Amino acid sequence: MTSDVQDAIARANGWVREANRIVVLTGAGISTDSGIPDFRGPNGLWTRNPAAEKASDISYYLADPEVRRASWQARLTAPAWTAEPNVGHRAVADLEHRGVLHALITQNIDGLHQRAGIDADRVIEVHGTIWYSRCWSCADRRPMHETLDRVRAGDPDPACELCGGILKSDTISFGQSLVPEVIDRAMRVSQQAEVFVAIGSTLSVYPVAGCVPLAKSHGARVVVVNAEPTAMDAVADCVIRGAIGEVLPRLFADGANT
Ligand code: NAD
């Protein structure tokens, strides 16, 4: 870690220690140390295979049974089923245990923040969760493992048991609208932050990336933690360019553990 990065962490750590209302926004980068690849990082799924971006568009999923069959096969072995929370997830959970985490907005669908011990009520999953399946027609929602059991039993593209509609994971695909109450809540908590920390995201996916300038315009100190430049570096009061697993324990340290 260079001295510039250490200085940036020390400066932002001062703001964190003084704050009573911290809002954290996480992207796929916080889960790469748990073995779940991101999309746009150097080893990202889309960086290595640009065609995969197209396959995650909702219009292809709904129109083509072949795309759905391939998706169900991929879901059977998704890394999220076996991944464990890492140092980064635990550092964010420590903020909650200290009573200063106002809310956690996440673009991730893997459920690792909750498994690291953060109260599910405090987690705003703007892009949904892979742990449930949902019917595209009647919105029936049930645990993903029940639907995957049907795939394992030989149904390559299981239909909704209530209405026969198309099932998918309860995540927001490209081309699909966000859930208004969920993104509204993300925007609302962003306006209430004293310190807003964006971690492991290119901050290029809207509307959630808009939380960053919104927090800033309502008076928050904005900190960006990412290995690469992000679309919001110019908005940030402090940019920390480094590995999340090294940066977060220092950035979120309180007096007791430094
Ligand atoms: P992204 O793939 O666009 O960007 C991730 C960023 O994190 C990259 O800039 C990368 O350099 C950085 N990064 C990766 N590992 C890092 C590390 N250990 N330390 C520091 N930086 C690191 O991610 P995004 O902006 O969150 O957008 C991708 C979308 O895809 C999300 O909206 C999400 O819904 C979905 N997604 C979710 C998961 C998941 O749930 N874990 C995984 C992949 C994609």
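Sequential numbering from 1 along the given sequence is applied to the chain's residues. Note that the coordinates shown come from a computational prediction; the quantities given were computed from them, not determined experimentally.
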What I'd like to find out is whether the side chain of W81 reaches to under 4.5 Å of the side chain of I130, using heavy atoms alone. yes
Between the main-chain N or O of D110 and the side-chain N or O of R115, is there a donor-acceptor pair closer than 3.5 Å? no
Linking I/L/V/M/F/W/Y whenever their side-chain heavy atoms sit closer than 4.5 Å, directly or via other members, would W136 and V182 fall into one cluster? no
Report the C-alpha separation of I9 and V247 in whole Å, then their side-chain angles, then the decisive distance to 0.1 Å, and conclude whether the side-chain contact (heavy atoms from CB on, under 4.5 Å) test is met. CA-CA 7 Å; I9 293 173; V247 171; 4.1 Å; yes
Holding to side chain to side chain donor-acceptor pair (under 3.5 Å), I want the full list of residues that pass it with T129, two or more places apart in sequence or in another chain. none
Heavy-atom closest pair, residues I109 and W131: O-CD1, 4.2 Å
If you define the side chain from C-beta out and look only at heavy atoms, does anything of R98 sit under 4.5 Å from V16? yes
Working for side-chain contact (heavy atoms from CB on, under 4.5 Å), residues V151 and Q73: CA-CA 8 Å; V151 180; Q73 284 305 310; 3.9 Å; yes
Polar contact flag, side-chain donor to acceptor under 3.5 angstrom, S59-D57: yes
Contact between P156 and P65 at the side-chain level, heavy atoms closer than 4.5 Å - yes or no? no
Which pairs of donor and acceptor atoms, one on a side chain in residues 183-192, lie under 3.5 Å apart (sequence neighbours left out)?
unit_1	atom_1	unit_2	atom_2	d
R185	NH2	D121	O	2.6
S190	OG	A186	O	2.7
Q192	OE1	H102	NE2	2.7

What distance do C135 atom SG and K168 atom NZ have between them, rounded to the nearest 0.5 Å? 11.5 Å
How would you list, by chain and number, every residue that makes a salt bridge (Lys or Arg N to Asp or Glu O under 4.0 Å) with D7, sequence neighbours excluded? none
With hydrophobic residues grouped by side-chain heavy-atom distances under 4.5 Å, do I172 and Y132 end up in a single group? no
Step-by-step side-chain contact (heavy atoms from CB on, under 4.5 Å) determination, L203 to L25: CA-CA 10 Å; L203 299 173; L25 164 64; 3.7 Å; yes
Show the nearest heavy-atom pair for residues I118 and E96, with the distance to one decimal. CA-OE1, 3.2 Å
Taking side chain to side chain donor-acceptor pair (under 3.5 Å) as the cut-off, I'd like each qualifying pair that reaches into residues 233-246, sequence neighbours left out, listed once. K216-D237, T230-D233, D233-R241
Salt bridge (charged side-chain N to carboxylate O under 4.0 Å, His left out) partners of residues 18-33, not counting sequence neighbours, each pair once: R21-E194
Are W15 and L104 joined in one hydrophobic group, where the rule is that I, L, V, M, F, W and Y side chains link up if heavy atoms are under 4.5 Å apart? yes
Residues 219-226 side chain polar contacts: donor-acceptor under 3.5 Å, at least two apart:
unit_1	atom_1	unit_2	atom_2	d
N226	OD1	S201	N	3.3
N226	ND2	E228	O	3.1

Is there a path of hydrophobic side-chain contacts, each under 4.5 Å between heavy atoms of I/L/V/M/F/W/Y residues, joining V197 to M232? no
Hey, does V235 have a side-chain heavy atom less than 4.5 Å from the side chain of F196? no
Is a side-chain donor or acceptor of R68 paired with a backbone partner of L62 at a separation under 3.5 angstrom? yes
Closest heavy-atom contact between A8 and I240? CB-CG1, 4.0 Å
Tightest non-hydrogen contact, residues A19 and V100, listed as O-CG1, 3.5 Å
4.5 Å side-chain heavy-atom contact, R90 and H97: no
Side chain to side chain donor-acceptor pair (under 3.5 Å) against S137, all qualifying residues, sequence neighbours excluded: none
Output all residues satisfying salt bridge (Lys or Arg N to Asp or Glu O under 4.0 Å) with R150, sequence neighbours left out; order by chain, then residue number. D155, E161
In Å and rounded to the nearest 0.5 Å, what is the NE2 to OG1 distance from H113 to T26? 3.0 Å
List, by chain and then residue number, the residues other than L162 in its hydrophobic cluster (Ile/Leu/Val/Met/Phe/Trp/Tyr, side-chain heavy atoms under 4.5 Å); write none if there are no others. none
same_hphob_cluster(Y206, I124) at 4.5 Å side-chain heavy-atom cutoff: yes
Donor-acceptor under 3.5 Å (S31 side chain, S34 main chain): no
Of the non-hydrogen atoms in A116 and H89, which two are nearest, and what is the gap between them? CB-CB, 3.7 Å
Mind running side-chain contact (heavy atoms from CB on, under 4.5 Å) on I30 and L248 for me, showing each step along the way? CA-CA 10 Å; I30 198 167; L248 291 199; 4.0 Å; yes
May I ask you to test the Y61-I166 pair for a side-chain heavy-atom distance under 4.5 Å? yes
Looking only at heavy atoms, which two atoms of P158 and T147 are closest? And how far apart? CG-CG2, 3.9 Å
Run the side chain to side chain donor-acceptor pair (under 3.5 Å) test against R11 and tell me which residues pass, sequence neighbours left out. none
To the nearest 0.5 Å, what is the distance between CD1 (I22) and CZ (F252)? 6.5 Å
Rounded to the nearest 0.5 Å, what's the gap from CD1 on I244 to OG1 on T32? Could you check? 6.0 Å
If hydrophobic residues (ILVMFWY) are linked whenever their side-chain heavy atoms come closer than 4.5 Å, directly or via other members, who joins V87 in its cluster? none
Answer yes or no on whether R69 is positioned over the face of W72, meaning its NZ or CZ is under 6.0 Å from the six-membered ring centre and within 45° of the axis. no
Using modelled atom types and a 3.5 Å cut-off, is there a donor and acceptor pairing between side-chain atoms of D170 and backbone atoms of S133? no
Any side-chain to backbone donor/acceptor pair from R134 onto A139? Under 3.5 Å, distance only. yes
Is any side-chain heavy atom of M144 closer than 4.5 Å to a side-chain heavy atom of S169? yes
With S217, which residues qualify under side chain to side chain donor-acceptor pair (under 3.5 Å), at least two apart? none
Can you find a pair of side-chain heavy atoms, one from H127 and one from L178, that are under 4.5 Å apart? yes
